[in-house]
Amino acid sequence: MSDTTGASYAAAGVDIEAGDRAVELMKEWVKKTRRPEVLGGIGGFAGLFDASALKKYERPLLASATDGVGTKVDIARQLGVYDSIGHDLVAMVMDDIVVCGAEPLFMTDYICVGKVHPERVAAIVKGIAEGCVLAGCALVGGETAEHPGLLGADDFDVAGAGTGVVEADRVLGADRIRSGDAVIAMASSGLHSNGYSLVRHVLLNEGGLALDAHLDGLGRTLGEELLEPTKIYSLDCLALLRTTEVHAFSHVTGGGLAANLARVIPDGLHAVVDRSTWAPGAIFDLVGRTGRVERLELEKTLNMGVGMIAVVPEESTDVALATLADRGVDAWVVGEITDRAHHETGAEMVGDYAG
């Protein structure tokens, strides 16, 4: 028999014990997301959710979405800050789900790392769990994958999938929108989680700005600004549905405000968004000036200060704005729905930004 030591998983770069340690560290955070419908705990092969809770619906429709955070994770890696990126992940998934009027139910995550650092993985899960609490959903499971040789020891990426439920006759969308409806904007918390390939290229690569730089107008370091978590609107949108009539929501992500709003505008109608009703935050101006990025290119890439749109009947405007104000959401009437006439697109932005 040979005395030579054979190959092993550990020698190949995968540390099973570190993975087990990470699971133990994240358990306390996952528990904070628990809903009464969740059965069992973390560590099983599948998360269990008691579907009998859906019996209260006459015709329940399940809504699902999946997404990631994109290259914003590289900012977190450079700064060594891992406990906020999870908010971004939950927002990207659950705010897509609530757009159709669905209540978020549960979520699973996937974390891919070059090397498992248990405390780092636990910090990422902590952020995801905190985001789930803000969205009103449970975190029922996930996967941490170690990919040595494909990712550097400090590299990582995150993705997630979520499920929600909505009554069939209450699904929101283009078929509900009418001419004369008001378009309400809900302020973003910053860049959110879109356009970071452009932002990183413009500010860090071409502009040579340092993440620890204090820049005029930001009131904090550039790194802190870039890591500002995406605002989670799920419970705010559900509150609107409880207090007044809503015809549609639009989550402003990749593609910008006009393109995402156009996705819920029916044939024959047109959304007009008035730029003069708000002033985008300093970070948007910084990206534009540093990279000499034209306004239309910025608007196709970044949210420009608006993270979610609600389309409501004109008579519901006051109640909608009051509801959002009570919840601490900065919101305003940004435009209206009109007959399409000769417009080629479902939404357009007019005027100049305030300020």
Side-chain angles (χ1 to χ4, degrees), residues 29 68-92 95 111 113-114 117 119-131 133-134 151-158 186-233 252-254 256 278-293 295 297-299 301-308 328-330 353-355:
W29 299 108
V69 178
T71 59
K72 187 173 183 175
V73 298
D74 190 58
I75 305 297
R77 179 193 63 78
Q78 291 187 57
L79 292 175
V81 177
Y82 302 97
D83 61 354
S84 65
I85 209 76
H87 286 229
D88 298 284
L89 180 62
V90 175
M92 291 297 100
D95 283 346
I111 303 171
V113 300
H117 302 280
E119 288 75 16
R120 187 177 301 173
V121 172
I124 295 172
V125 174
K126 171 180 177 288
I128 297 172
E130 290 173 340
V133 171
L134 293 174
L151 297 176
D154 291 328
D155 292 338
F156 75 100
D157 198 8
V158 295
M186 302 180 216
S188 68
S189 55
L191 293 170
H192 284 185
S193 296
N194 296 104
Y196 272 74
S197 293
L198 173 66
V199 171
R200 289 165 53 247
H201 175 69
V202 166
L203 299 184
L204 307 183
N205 298 339
E206 288 193 340
L209 299 177
L211 290 175
D212 60 357
H214 287 267
L215 303 175
D216 292 342
L218 296 184
R220 52 183 169 179
T221 68
L222 177 60
E224 290 170 335
E225 177 70 29
L226 296 184
L227 266 194
E228 177 67 33
T230 303
K231 181 168 176 57
I232 298 172
Y233 300 95
V252 183
T253 55
W278 86 100
I283 186 61
F284 302 100
D285 180 62
L286 179 64
V287 174
R289 285 188 293 104
T290 304
R292 299 184 300 279
V293 184
R295 184 172 71 180
E297 183 64 25
L298 282 177
E299 292 176 342
T301 309
L302 307 177
N303 66 59
M304 301 306 290
V306 178
M308 181 70 78
V329 179
D330 183 13
Y353 292 111

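Among all heavy-atom pairs drawn from E228 and S189, the shortest one is CG-O, 3.2 Å. Counting all heavy atoms, side chain and backbone alike, A76 lies closest to I85 at CB-CD1, 4.2 Å. Summarising the geometry of V252 relative to N303, their closest heavy-atom pair is CG1-CB, 3.8 Å, with the distance given to 0.1 Å. In plain terms, the two heavy atoms of G307 and Y233 that are nearest each other are CA-OH, 3.3 Å. The two atoms that bring L227 and S84 nearest to each other are O-OG, 3.8 Å, heavy atoms only. For the pair V113 and L151, the tightest heavy-atom approach, listed with the atom from each and the gap, is C-CD1, 3.7 Å.
Between I283 and L218, some side-chain heavy-atom pair lies under the 4.5 Å cut-off. Residues V202 and L198 form a side-chain contact, since some pair of their non-hydrogen atoms from C-beta on lies under 4.5 Å apart. By the 4.5 Å heavy-atom criterion applied to side chains, T230 and K72 are counted as neighbours.
Heavy atoms of other residues, nucleotides or ligands lying less than 6.0 angstrom from CZ of R220 number more than 12. Other residues, nucleotides and ligands contribute over 12 non-hydrogen atoms within 6.0 Å of the CG atom of N205.
At a cut-off of 3.5 Å, with distance as the only test, no side-chain donor of T221 or D212 sits close to an acceptor on the other residue.
A side chain to side chain contact (heavy atoms under 4.5 Å, CB included) with Y196 is found for exactly one of D74, L226, V69, T301, namely L226. Partner of K231 under the side chain to side chain contact (heavy atoms under 4.5 Å, CB included) criterion, out of H192, M308, M186: H192 alone.
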